[in-house]
Amino acid sequence: MLMPAKVKQSYTTISAQTYLKYWVHFTAIVGDRPIFQLIDTPVVLKLSSTAYEHARGLMSTLRECHLERSWISPIRKHAALLELLHIYFQATGLERIQLRSKDLDKLNIILSYMAENLDKRLTIQELAQQLHLHPNYFITYFKEHMGESPIQYMNHMKLEHAKQLLLGNTLHVNEIAERIGMDAYYFSRIFKEYTGFSPTAYMASKMIQNG
């Protein structure tokens, strides 16, 4: 079963006998986009007994790596996860995988517009106009494909850009806030929510890590 990111999940059982669940959180990127935002694939697959046992063993490997935390664990985890993805796509069948070409074109337009205007405080109306959509429908459309609202997504883009500016260590926090279209207080607050650090603490921690 593939559970899309940022979608609420729930499960229950109608039997007195419960069941064992294995799951893993991961991000698979193609270019700068999560792969499952680019393609349509089945959410639920029935594996053959051989593939199921293979997948079960890989999940056990991921759990072992998480618990042992040795220096080689990240490599083993990465290899196991790639093999799990291989099992998923192999069971799906390439003929059942469809590219979201029309949606991809629309999303590329709006994401490029966001990236080019990180210094502005864009409104939903301005963003929706780029795709000639009603603002309410645009919010629903964007969230369905990107997993969060347009404003949340753009704020994350702004904060990622701010992180790069902070690493340059040449600009004051107020200047960085201005470059991403935020006032300094709001920028500091949501930056800490996003990273766990204040902007100045983030800059200091990276300086220490880099020696």
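Bear in mind that the values here come from a model prediction, so they are computed numbers and not experimental data.
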Original post:
Are Leu82 and Ile75 co-members of a hydrophobic cluster defined by side-chain heavy atoms under 4.5 Å apart?
Top reply: no

**OP:** Quick one: list whatever passes ring pair (Phe, Tyr, Trp, His ring centres under 6.0 Å) with Tyr88, sequence neighbours left out.
**Re:** none

**OP:** Return yes when atom CD of Glu178 has more than 12 non-hydrogen atoms of other residues, nucleotides or ligands closer than 6.0 Å, and no otherwise.
**Re:** no

**OP:** Could I get the full list of side chain to side chain contact (heavy atoms under 4.5 Å, CB included) partners for Leu118, not counting sequence neighbours?
**Re:** Met154, Met157, Lys158, His161

Without placing hydrogens or testing angles, list every side-chain donor-acceptor pair under 3.5 Å for residues 125-132, not counting sequence neighbours.
{"residue": "Glu126", "atom": "OE1", "partner": "Thr123", "partner atom": "N", "Å": "2.8"}
{"residue": "Glu126", "atom": "OE1", "partner": "Thr123", "partner atom": "OG1", "Å": "3.3"}
{"residue": "Gln130", "atom": "NE2", "partner": "Glu126", "partner atom": "O", "Å": "3.4"}

**OP:** Please examine the side chains of Ser188 and Pro199, heavy atoms only from C-beta on, and report whether any two atoms are closer than 4.5 Å.
**Re:** yes

Subject >> Where Phe187 and Ala162 come nearest, the two heavy atoms and their spacing >> reply: CE1-CB, 3.6 Å

Original post:
What is the minimum heavy-atom distance between Arg121 and Asp183, and which atoms define it?
Top reply: NH2-N, 3.3 Å

**OP:** Measure up the Tyr194 and His156 rings against each other and bin them: parallel (under 30°), tilted (30 to 60°), perpendicular (over 60°).
**Re:** parallel

Subject >> salt bridge (charged side-chain N to carboxylate O under 4.0 Å, His left out) against Lys77, all qualifying residues, sequence neighbours excluded >> reply: none

Original post:
Can you find a heavy atom in the side chain of Met114 that is under 4.5 Å from one in the side chain of Tyr153?
Top reply: yes

Original post:
Glu116: what forms a salt bridge (charged side-chain N to carboxylate O under 4.0 Å, His left out) with it, not counting sequence neighbours?
Top reply: none

**OP:** Please test Arg189 against Glu193 for salt bridge (Lys or Arg N to Asp or Glu O under 4.0 Å), starting from the C-alpha separation and ending with a verdict.
**Re:** CA-CA 6 Å; Arg189 181 169 68 81; Glu193 291 175 1; 3.2 Å; yes

**OP:** Evaluate the side chain to side chain contact (heavy atoms under 4.5 Å, CB included) criterion for residues Leu159 and Thr195: first the C-alpha distance (whole Å), next the side-chain angles of each, then the deciding distance (0.1 Å), finally the verdict.
**Re:** CA-CA 9 Å; Leu159 293 172; Thr195 66; over 6 Å; no

Original post:
If you draw a 6.0 Å radius around NZ in Lys163, do more than 12 non-hydrogen atoms from other residues or ligands fall strictly inside?
Top reply: yes

Original post:
Do you know the tightest heavy-atom contact between Phe191 and Tyr202?
Top reply: CE2-CB, 3.6 Å

**OP:** Could you check if a side-chain atom of Phe26 sits within less than 4.5 angstrom of a side-chain atom of Leu85, using non-hydrogen atoms only?
**Re:** yes

Without placing hydrogens or testing angles, list every side-chain donor-acceptor pair under 3.5 Å for residues 42-68, not counting sequence neighbours.
{"residue": "Ser48", "atom": "OG", "partner": "Ala51", "partner atom": "N", "Å": "3.2"}
{"residue": "Ser60", "atom": "OG", "partner": "Arg56", "partner atom": "O", "Å": "3.2"}
{"residue": "Thr61", "atom": "OG1", "partner": "Gly57", "partner atom": "O", "Å": "3.1"}
{"residue": "Glu68", "atom": "OE2", "partner": "Ser73", "partner atom": "OG", "Å": "3.2"}
{"residue": "Glu68", "atom": "OE2", "partner": "Arg76", "partner atom": "NH1", "Å": "3.1"}

**OP:** Evaluate the criterion side chain to side chain contact (heavy atoms under 4.5 Å, CB included) for residue pair Ile151 and Phe142; output intermediate values, then yes/no.
**Re:** CA-CA 10 Å; Ile151 298 303; Phe142 190 94; over 6 Å; no

Original post:
Less than 4.5 Å apart, any side-chain heavy atom of Asn155 and any of Met182?
Top reply: yes

